[in-house]
Student: 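Provided herewith is a single structure, encoded as structure tokens, for subsequent inquiry.
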Amino acid sequence: MVNEKEKKTGGQVLEEWKEFVWNPRTHEFMGRTGTSWAFILLFYLVFYGFLTALFTLTMWVMLQTVSDHIPTYQDQLATPGLMIRPKTENLEVLVNLSDTKSWNQHVQILDKFLEPYNDSVQAQKNDVCRPGHYYEQPDNGVLNYPKRACQFNRTQLGDCSGLSDPTHYGYSTGQPCVFIKMNRVINFYAGANQSMNVTCVGKRNEDAKNLGDFTMFPANGNIDLMYFPYYGKKFHVNYTQPLVAVKFMNVTPNVEVNVECRINAVNIATNDERDKFAGRVAFKLRIIKKT
Amino acid sequence: MVGGFSSLLWAGAVLCFLAYLIEFSKDKSASMDNIYLGVVLIMVVILTGMFAYYQEAKSTNIIASFTKMIPRKAFVIRDGKKREIPAEHLVVGDIVEIKGGDQIPADIRILASQGCKVDNSSLTGESEPQSRSCDLTHENPLETKNIGFYSTTCLEGTATGMVINTGDRTIIGRIALLASSLGHEKTPIAIEIEHFVHIVAGVAVSIGIVFFIIAICMQYRVLDAVIFLIGIILANVPEGLVAAVTVSLSLTAKRMAKKNCLVKNLEAVETLGSTSIICSDKTGTLTQNRMTVAHLWFDKQIYQADTSEDQNDHVFDQSSATWASLSKIVTLCNRAEFIPGQESTSIMKKVVMGDASEAALLKFSEVIMGNVIERRKRNRKVAEIPFNSINKFQLSIHETDDPNDKRFLLVMKGAPEKILEKCSTIMINGQEQPLDESTAEAFQTAYMELGGLGERVLGFCHLYLPEDEFPDTYTFDVESMNFPTSDLCFVGLISLIDPPRSTVPDAVMKCRSAGIKVIMVTGDHPITAKAIARSVGIISANSETAEDMAKRLKIPVEQVNKREAKAAVVSGMELKEMSPEELDELLTYHTEIVFARTSPQQKLIIVEGCQRQDAVVAVTGDGVNDSPALKKADIGIAMGFAGSDAAANAADMVLLDDNFSSIVTGIEEGRLIFDNLKKIIAFTLTKNIAELIPFLIFIIAGVPLPIGTMAILFIDLGTDVIPSIALAYEKAESDIMSRKPRHMKDRLANHQLALYSYLQIGILQSAGGFFAYFTVYAVQGFKPDRLLYLRPLWENGSLNDLEDSYGQEWTKYQRKYLECTGYTAYFVAVMVQQIADVIIRKTRINSIFQQGLFRNKYIWVGIASQIIIAAIVSCGFGSIPILNFTTLRVQYWFVAVPYAIVIWLYDEFRKLLIRRYPGSWWDKTMYY
């Protein structure tokens, strides 16, 4: 520009900074006097106070429009996902027969998971329903009337119930049980009035070979219609999610076996290319056995 | 493509690749998102870089002027033989021959000359042909007549000369070297943009680092922390701004080109706006660059002629018989002619063969009486003595057009005192009267008065030769002068001037009210310069020079306190004697300055003097040796019409019509674009906060990410681009020509602008965005309380049964889709609020209604583009997975509307308080 700006020395820069932070002549701290700072702080206090009030108000109004028992939209949950128990890192069920610890954690998870399914608990809280029919509970004029749930007894899981089971769901013997559950979706009539069941296969040919036999509980991997529809956490308090247990009888040890289970129901698509868990679940099974 | 924002984006891209590598080393099936983002960032950098370059290249017209001036061939006498060689083979000592039409191949000393005249205008700016001879007439090589300069043209005659300098050592070569060695320093706008980039980059880097550390402390993985860093940088960098600024500048440049200001360097647009001193040429810039009849004196009275550009209402009294005689002399005693073939052009625009004064008189008589050529034919010329500098008159003898009058008419014009000497009578009201004392005195007074106006005065006289002595068979001999040249009858005086352009006085007034000092720099005589300066208002009516004061107070000039005089007329000789300190003093204490009789080299000294006053100096020039001054000036303005290519090359701007008032128009545009750039920057910065806050909340409160990096890019480079450019079309809020030039401390992006955009409107926008975000999550089942600290579960890929507020369970993909819906909602919310933002940015102090909502149509084009781009992105691109947009339900487009309205109301409130309480704390804090 006008005169060539001389490069400032380091000392000058420091001096300028010092003066900027505290200027003793004008009593300015960071370029503002005390009163100026007070004004600024007061202003921003008021401004943000107002903004908080505005935000709170709009949020409150918005939440008023949202119902308590059913979300406004469910379009993204058109196809419920499937999931397994025990829930593991990367969906890999690892059982090292010589290392109790490796499978004991799964067992503990399952013990805890199945506790609400104990027959005593179920009998106490839930109804005995008519199998093969939806258990519909219309409000009948009473808004958001609390809903009853159907019994799913732990004994229905047979060998996988873990009740008085020395093999710990088969984990200690290398014949593990994996439990399949379908994601809850409010007011979803799974199966569209027709029976449905879960099936499992090895993903590829070699997987199928390595997988060996397996048994399903309840028989055929059936899921009964009476557990539907679901009315939501708040009004369907004791809802017990139906389960299908798969007991793998003779998995080839020391190989990774990819298993895929899917639900066969009229109104659940299992071929979504993007969502790998829509109506199906893929997991790995690996039994380590010292030979 | 380097420096500033680009380097931040490069850093972002590198971080992206780094993040991908880290991820890839852990898990071979890592998602490619980071790679895509990195590639997109690099593309953004390259494309904006290319765009800026293209815009710049489009408006920069590089003229290879010096190479164009090189003469191709030269006739040289070597070994006693004349031969033609390429000009670059000439050596010092060669004898060259030149003839009319040649370019002089080197600096030569004239050894012999036959009526050689050269055009030195490209070198010295003198437009009159200069005669060359072998006499040394001046010590200064530029003034002496025996040197011909490289690259100038020989107009007529022939000459022989000896080469004394070649190539870079010639006068013009040295000027070219000087011009290229003077580095052009950074333009004010470049400094401002740099300052702004520093602010933004500083904010980006410091927030990025702070949150990187916070993320590490909160035990996020390093990979996540790196991704946060990318997001924060990306959110902070206004990717589209460089393009918007470039386009705005080139739009202004285009608008200026329509008004005859051709801008070579885009940044010069704004520089012109901050100009505080204009050093202007006189001839051609302030004046029309053609001699014109200004006054007439006959019947002992001064009459004024019309000097405007089209000259069609001459109002002086034409009924007097004296006028009839005078007009006859003017018509007949004139050798100038119109070049044939211009019947359709208006008289004033016709090209004339002949010198400037004669052309002026020819046009004058053509306008008043019409058909001069026909009249000359009817009064056949029988003898003629052309004007020369020794006898200082021009004479011709004609037959009269009255068939009954067989007398010859002798007409003469020339220097008034010479003409008067030859007269014994004077014509008053058509009657010849003896020339007595009182008449002579009246003549003197009129002559002095017209001369004092800086006008060139000519006297006219005639004589009807008695028929008995000069019958129609008489042969006139101009050599022996066998006819009377004394005891003639004096008819009148006509004074000529190169009149100021009619738009100039207004333009000078505008400059004055805009706080811009106008300094006239001319090679003309001080009296003429001062007269023109007064008539255009460079020296205002009531201010005096030291000389004027001395005259009024009747004391010697030395006793006048020069500081009391507002105006000063300084000649080149005086300037030569001055020390830089004295020049500084002169420039400081006088507001109205005229430099007369200056050589083009002194212009550089004047420019440097002005720049020592911390002024932003605009300089006009046309000659080659103006080019150092043009280059040195903050903004060099070359004359497109009369100027040389070299001047145009050194300048930042070319005035196509050479008109001073075009400069003022340019200044107005420059000031406007500065204001509008402020608005553009304020608009662009606002949404940076709305893009940044999501990342901060994401890190601190662990909610699912509200906006993705792609959506940020779509705001910065998509929806926001056209509205920000549209702001460049905004009209001025008040009379921008009534305020002082911008002080260098007035920043483009000052802290008021940053604080208001970042901490007020930006935060408001973020609140609106979050409201939209929480809304789309809540209606799908995730109420706000569920979202807090949900992030680790939300992003866990193997967790496919995440429970929402209603007990429903979501797979990873379903969550990801909802997250994209959240991005889209936030994106749309920001877009909606940016509509409010562009509307509030139309003005900085006036209410929107004062400015008019619909005056700037481009704003509405911009708003439409925002909505259309957002709609396309949301509907059309919803199916392209890497862009992470989904189709949003119509009602969620309106979620942020209340916030948009609040933004608008709040800004109106701010402006209202600023208008109500100027100078208050509010004004100082809130006006940007």
Student: Report the residues that fulfil side chain to side chain contact (heavy atoms under 4.5 Å, CB included) with A/His69, sequence neighbours left out, ordered by chain and then residue number.
Tutor: A/Ser67, A/Asn144, A/Phe235
Student: Carefully, step by step, assess A/Phe55 and B/Tyr899 under the rule side chain to side chain contact (heavy atoms under 4.5 Å, CB included).
Tutor: CA-CA 9 Å; A/Phe55 187 70; B/Tyr899 283 85; 3.3 Å; yes
Student: What are the two closest heavy atoms between B/Ala778 and A/Val66, and how far apart are they?
Tutor: O-CG1, 4.1 Å
Student: Output yes when a side-chain donor or acceptor of B/Gln814 lies under 3.5 Å from a complementary backbone atom of A/Thr79, and no otherwise.
Tutor: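 It does hold such a pair.
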Student: Please report the C-alpha distance between A/Tyr44 and B/Leu755 in whole Å, then the side-chain angles of each, then the deciding distance to 0.1 Å, and finally whether the side chain to side chain contact (heavy atoms under 4.5 Å, CB included) criterion is met.
Tutor: CA-CA 11 Å; A/Tyr44 279 103; B/Leu755 288 183; 3.9 Å; yes
Student: Which answer fits A/Phe283, side chain, backbone, both or neither, if we ask what part of it has an atom under 4.5 Å from a heavy atom of chain B?
Tutor: neither
Student: Are B/Pro784 and A/Leu63 close enough that some pair of their side-chain heavy atoms sits under 4.5 Å apart?
Tutor: yes
Student: With respect to chain B, which residue among A/His236, A/Lys181, A/Lys276, A/Glu89 yields the maximal number of heavy-atom pairs within a distance under 4.5 Å?
Tutor: A/Lys181
Student: Considering only heavy atoms, which portion of A/Tyr230 lies under 4.5 Å from any heavy atom of chain B: side chain, backbone, both, or neither?
Tutor: side chain
Student: For a 4.5 angstrom cut-off between non-hydrogen side-chain atoms, does B/Gln760 reach A/Phe47?
Tutor: yes
Student: Near B/Phe894 CZ, under 6.0 Å, is it more than 12 heavy atoms from other residues, nucleotides or ligands?
Tutor: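 No, because the 6.0 Å sphere around CZ of B/Phe894 holds 12 heavy atoms or fewer from other groups.
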Student: Is it the backbone or the side chain of A/Tyr231 that comes under 4.5 Å from a heavy atom of chain B, or both, or neither?
Tutor: neither
Student: Heavy-atom pairs under 4.5 Å with chain A: which of B/Trp921, B/Tyr806, B/Phe770, B/Phe771 has the most?
Tutor: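 Among the listed options, the one with the most contacts to chain A is B/Tyr806.
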Student: For the interface with chain B, which of A/Leu91, A/Thr58, A/Leu51 has the highest count of heavy-atom pairs at distances below 4.5 Å?
Tutor: A/Thr58
Student: Does any heavy atom of chain A fall under 4.5 Å from the side chain of B/Thr821, the backbone, both, or neither of them?
Tutor: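 Looking at B/Thr821, just its side chain touches chain A.
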Student: Could you walk me through whether A/Lys233 and B/Glu803 pass side chain to side chain contact (heavy atoms under 4.5 Å, CB included), step by step?
Tutor: CA-CA 10 Å; A/Lys233 184 158 88 169; B/Glu803 208 174 295; 3.6 Å; yes
Student: What do the steps show when you test A/Gln76 against B/Gln780 for side chain to side chain contact (heavy atoms under 4.5 Å, CB included), and what is the final call?
Tutor: CA-CA 8 Å; A/Gln76 287 169 34; B/Gln780 294 281 0; 3.2 Å; yes
Student: What part of B/Thr775 lies closer than 4.5 angstrom to a heavy atom of chain A: side chain, backbone, both or neither?
Tutor: both
Student: Contact part of A/Met83 toward chain B, heavy-atom cut-off under 4.5 Å: side chain, backbone, both or neither?
Tutor: side chain
Student: Output every pair passing salt bridge (charged side-chain N to carboxylate O under 4.0 Å, His left out) with a member in residues 64-88 of chain A, not counting sequence neighbours, ordered by first then second residue.
Tutor: A/Asp68-A/Lys234, A/Asp68-B/Lys783, A/Asp75-B/Arg889, A/Arg85-B/Asp801
Student: Report the option among B/Val895, B/Asn800, B/Thr811, B/Leu759 that has the most heavy-atom pairs separated by less than 4.5 Å from atoms of chain A.
Tutor: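 When all of B/Val895, B/Asn800, B/Thr811, B/Leu759 are compared, B/Asn800 has the most.
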Student: Given heavy-atom pairs under 4.5 angstrom as the criterion, report whether the side chain, backbone, both or neither of A/Ile70 touches chain B.
Tutor: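 Backbone only.
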Student: Mind telling me whether A/Tyr73 and B/Tyr892 have parallel, tilted or perpendicular rings, with 30° and 60° as the class edges?
Tutor: perpendicular
Student: Between atom CZ of B/Phe774 and atom CE of A/Met59, what is the distance when rounded to the nearest 0.5 Å?
Tutor: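 That separation rounds to 5.0 Å.
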Student: Select one option (side chain, backbone, both, neither) describing which atoms of A/Thr52 are under 4.5 Å from chain B's heavy atoms.
Tutor: neither
Student: In terms of heavy-atom proximity below 4.5 Å to chain A, should B/Val617 be classed as side chain, backbone, both, or neither?
Tutor: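 Neither; nothing under 4.5 Å.
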Student: Counting only non-hydrogen atoms closer than 4.5 Å, does A/Glu92 touch chain B with its backbone (N, CA, C, O), its side chain (CB onward), both, or neither?
Tutor: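 Neither part.
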